[in-house]
Amino acid sequence: MENINYALCARRMLWATTGFHVRASENDELTYPIALNVPNAATYSGLSRTRLYELIQNGELESFMVGGRRLILREKVDRFIEQAAGRSR
């Protein structure tokens with residue numbers, strides 16, 4: 001039986017469909033960049049780019065600029081999603 005590296009397959013599929021690069025740690029867990037641009041944050045979170053820009057505009061989601069790129073800390077996206085899940089219960 002063939003030994004399939006599912007983490008590698010998942011990374012390749014994610015890159016092929018979105019252009020979103022992830023890395024594998026030594027134990028083959030997917031790791032994401034510490035900061036995401038808005039399109040990658042949309043892919044990561046499942047929210048639309050428009051919705052992310054609305055959240056940033058309303059001050060509900062923190063972001064910052066580096067050069068001409070707007071970035072969002074992955075930790076802030078995670079926290080927002082967890083808070084949203086808690087509000088919807």
Side-chain angles (χ1 to χ4, degrees):
M1 201 156 138
E2 191 174 328
N3 185 7
I4 299 173
N5 183 332
Y6 289 102
L8 179 60
C9 291
R11 286 194 310 275
R12 287 182 179 160
M13 179 64 75
L14 185 62
W15 178 79
T17 57
T18 66
F20 186 42
H21 293 276
V22 295
R23 294 186 173 97
S25 61
E26 291 177 8
N27 59 0
D28 261 348
E29 290 182 13
L30 297 181
T31 57
Y32 294 88
I34 191 168
L36 306 166
N37 62 18
V38 174
N40 286 346
T43 300
Y44 177 77
S45 67
L47 298 170
S48 70
R49 289 181 5 202
T50 301
R51 182 65 180 135
L52 286 173
Y53 282 117
E54 289 171 354
L55 293 169
I56 291 166
Q57 183 76 26
N58 296 337
E60 296 178 62
L61 184 62
E62 292 179 43
S63 69
F64 58 97
M65 296 291 287
V66 175
R69 296 183 73 179
R70 179 163 304 280
L71 298 175
I72 307 166
L73 291 175
R74 188 185 73 239
E75 158 188 306
K76 300 290 185 182
V77 175
D78 291 338
R79 189 173 307 137
F80 176 81
I81 297 295
E82 289 170 5
Q83 290 173 350
R87 287 191 300 258
S88 68
R89 291 182 188 171

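Values below: all heavy atoms of this structure, side chains included; hydrogens, waters and symmetry mates excluded.
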If you compare all heavy atoms of P33 against all heavy atoms of R74, which two are closest, and at what distance to 0.1 Å? O-NH1, 2.9 Å

Listed partners of E60 passing salt bridge (Lys or Arg N to Asp or Glu O under 4.0 Å), at least two apart: none

Which atom names give the shortest non-hydrogen contact between E62 and I72, and what distance separates them? O-CG2, 3.5 Å

If you look only at distance, which donor and acceptor atoms sit under 3.5 Å apart when one is on a side chain in residues 47-58 and the other is two or more places apart or in another chain?
residue: S48; atom: OG; partner: R51; partner atom: N; Å: 3.0
residue: R51; atom: NH1; partner: E54; partner atom: OE1; Å: 3.3
residue: N58; atom: ND2; partner: E54; partner atom: O; Å: 3.2

Just jot down the side chain to side chain donor-acceptor pair (under 3.5 Å) partners of S45, sequence neighbours excluded, or say none. none

L73, L36: one ILVMFWY side-chain cluster at the under-4.5 Å cut-off? no

Is there a path of hydrophobic side-chain contacts, each under 4.5 Å between heavy atoms, that joins I81 and L71? no

